[in-house]
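Just below is one structure, and these are the notes that go with it.
Below, read A as the first sequence line, B as the second, and so on, with proteins coming before strands; counting in each chain starts at 1. Heavy-atom basis, side chains included; hydrogens, waters and symmetry copies ignored.
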Protein chains: 2
Amino acid sequence: MRSLFHPALEDVRPEAILHALSDPTRAAIFARISGAGCVEACTAVSAVGDRVIPKSSLSSHFKVLREAGLIRCERHGVEMRNHSRCAEVEARYPGLLSAIMSAYARTDASAMATP
Amino acid sequence: MRSLFHPALEDVRPEAILHALSDPTRAAIFARISGAGCVEACTAVSAVGDRVIPKSSLSSHFKVLREAGLIRCERHGVEMRNHSRCAEVEARYPGLLSAIMSAYARTDASAMATP
DNA sequence: TTTGATAGTTCCGAAGTCCCGAACTATGGG
DNA sequence: CCCATAGTTCGGGACTTCGGAACTATCAAA
């Protein structure tokens, strides 16, 4: 298997980050990876909320996150380890990721408050 | 002409904001509106960088920004006044817009630094 | 009031993107 | 070697985006 492409930090573009996180599913995946520090497999994130996500869609979501520079993926045996690149991105675009993730957290919370 | 739809602040969603600003053209339009406080016409923003933007595309860019809750548009005679809703959005999603806009400012600056 | 000019919107077809099932590839265990 | 598991690629249908041409709205001048 060819090794996965990861953009260098200086090639990480804001439009790619915004595009990647403008999909709530991907934002939820990224939140989970960032929260856990490291998620041990794509299939560890096989559902978001109640919605089951097909393998092929999951794979392309991870690819979008990776190519946007948001995560780093390494194969470990048969599975993938996905690390957030939060700290790096924070160095380049201060406050960006935390503002985005807390914006989502805020609406998720208000969605729960109105059942 | 029917009056234009603007979402209430509590209906403004992060994914819509990120999607609207994930297009560099729209982000540039929004930056100009925010900077000026008020841009007096769509045609006042008829080009971004060297690229001329067709009227129909401009119109739909403004529509996306408006429906995302980022700008407020009012007809004044034959033209439109476009105001940024920055302050409102800042109240709901603190730090979001400033982080996004300074992320773009940072890459625009480095793009100019490497000709 | 009619005519004209200017500012935006709508329509629609071509091009592009996204979604997901099915088939495929890669890795490790027995 | 074969199987199971984890993930990727392919392909077609649905959806989105772009931009030219035609349309509508508003105001001003004759």
Side-chain angles (χ1 to χ4, degrees), chain A residues 1-6 13 15-30 32-33 36 38-68 71-83, chain B residues 1-6 13 15-30 32-33 36 38-68 71-83:
Chain A
M1 162 158 283
R2 75 177 169 298
S3 69
L4 298 166
F5 168 75
H6 293 86
R13 309 223 32 115
E15 59 266 43
I17 293 178
L18 298 188
H19 171 249
L21 297 179
S22 69
D23 179 331
T25 302
R26 274 194 300 260
I29 292 172
F30 179 67
R32 204 175 314 182
I33 291 173
C38 167
V39 163
E40 310 251 324
C42 290
T43 43
V45 197
S46 61
V48 167
D50 287 356
R51 213 165 67 82
V52 173
I53 302 178
K55 268 168 52 150
S56 56
S57 307
L58 256 189
S59 179
S60 69
H61 285 321
F62 275 90
K63 187 180 181 199
V64 170
L65 291 170
R66 178 168 50 77
E67 294 185 343
I71 64 176
R72 196 176 288 282
C73 313
E74 293 163 16
R75 189 173 262 280
H76 271 246
V78 80
E79 72 190 12
M80 218 64 153
R81 301 235 174 118
N82 304 287
H83 308 259
Chain B
M1 163 157 284
R2 75 178 171 295
S3 68
L4 297 165
F5 169 74
H6 292 87
R13 310 221 33 117
E15 58 267 41
I17 293 177
L18 299 188
H19 172 249
L21 296 179
S22 69
D23 178 331
T25 301
R26 276 196 297 265
I29 292 172
F30 179 67
R32 204 173 316 182
I33 291 173
C38 167
V39 163
E40 310 249 324
C42 290
T43 43
V45 197
S46 60
V48 167
D50 288 356
R51 214 166 67 82
V52 173
I53 302 176
K55 271 165 53 146
S56 58
S57 306
L58 256 190
S59 180
S60 71
H61 285 322
F62 275 90
K63 187 180 180 199
V64 170
L65 290 170
R66 179 168 49 78
E67 293 184 345
I71 63 176
R72 197 176 287 284
C73 313
E74 295 162 14
R75 190 174 259 281
H76 272 247
V78 78
E79 71 189 15
M80 218 66 155
R81 300 236 174 116
N82 304 287
H83 309 258

Report the distance from atom CD1 of B/I29 to atom P of C/dG8, rounded to the nearest whole Å. 12 Å
Nearest whole Å is fine: how far is D/dG7 C1' from A/R75 CZ? 6 Å
Please round to the nearest 0.5 Å and tell me the distance separating atom CG of A/L65 and atom CG of A/D23. 9.0 Å
Heavy-atom donor-acceptor pair, A/S59 side-chain to D/dG7 base, under 3.5 Å: no
Given atom CG of B/L4 and atom C1' of D/dT24, what is their separation to the nearest angstrom? 14 Å
Salt bridge (Lys or Arg N to Asp or Glu O under 4.0 Å) contacts touching residues 41-50 of chain A (sequence neighbours left out): none
Atom-pair distance (CD on A/E74; P on D/dA6), nearest Å: 18 Å
CG/B/L21 to CG/A/L18 distance, rounded to the nearest 0.5 angstrom? 6.5 Å
When you get a sec, tell me which of C/dT9, D/dC18, D/dT8 is the closest nucleotide to the side chain of A/K55? D/dT8
Among C/dT9, D/dT9, C/dC19, which is the nearest nucleotide to the side chain of A/S57? C/dC19
On DNA chain D, compare the nucleotides closest to B/H76 and A/L58; which residue's is nearer the 5' end? A/L58
Would you please name every residue forming a salt bridge (Lys or Arg N to Asp or Glu O under 4.0 Å) with B/R32, sequence neighbours left out? none
If each of B/S60 and A/H61 is mapped to the nucleotide of DNA chain C with the nearest heavy atom, which maps nearer the 5' terminus, i.e. the 5' end? B/S60
Can you tell me which residue pairs pass the side-chain hydrogen bond (donor to acceptor under 3.5 Å, both in side chains) test with a partner in residues 53-68 of chain A, sequence neighbours excluded? A/R26-A/H61
Let me know the distance between CD1 of B/I71 and P of C/dG8, rounded to the nearest Å. 11 Å
Please give, in whole Å, the distance from C/dC19 C1' to A/K63 NZ? 14 Å
Quick test: give all pairs of protein nitrogen or oxygen and nucleotides 14-18 of chain C nitrogen or oxygen below 3.5 Å, distance rounded to 0.1 Å.
residue	atom	partner	partner atom	Å
C/dC18	OP1	A/H19	NE2	3.0

B/M80 CE to D/dT24 P, in whole Å, measures 18 Å
Hey, what do you get for CG (A/L58) to CD1 (A/I53), rounding to the nearest 0.5 Å? 5.0 Å
As a test of reading the structure: which of D/dG19, D/dG7, C/dG8 is closest to the side chain of B/E79, going by heavy atoms? C/dG8
What's the CZ-C1' distance between B/F62 and C/dT10, to the nearest Å? 17 Å
Of the listed C/dG8, D/dT26, C/dA22, the closest approach to the B/V78 side chain comes from D/dT26
Set of side chain to side chain donor-acceptor pair (under 3.5 Å) partners for B/E15, sequence neighbours left out: B/R13
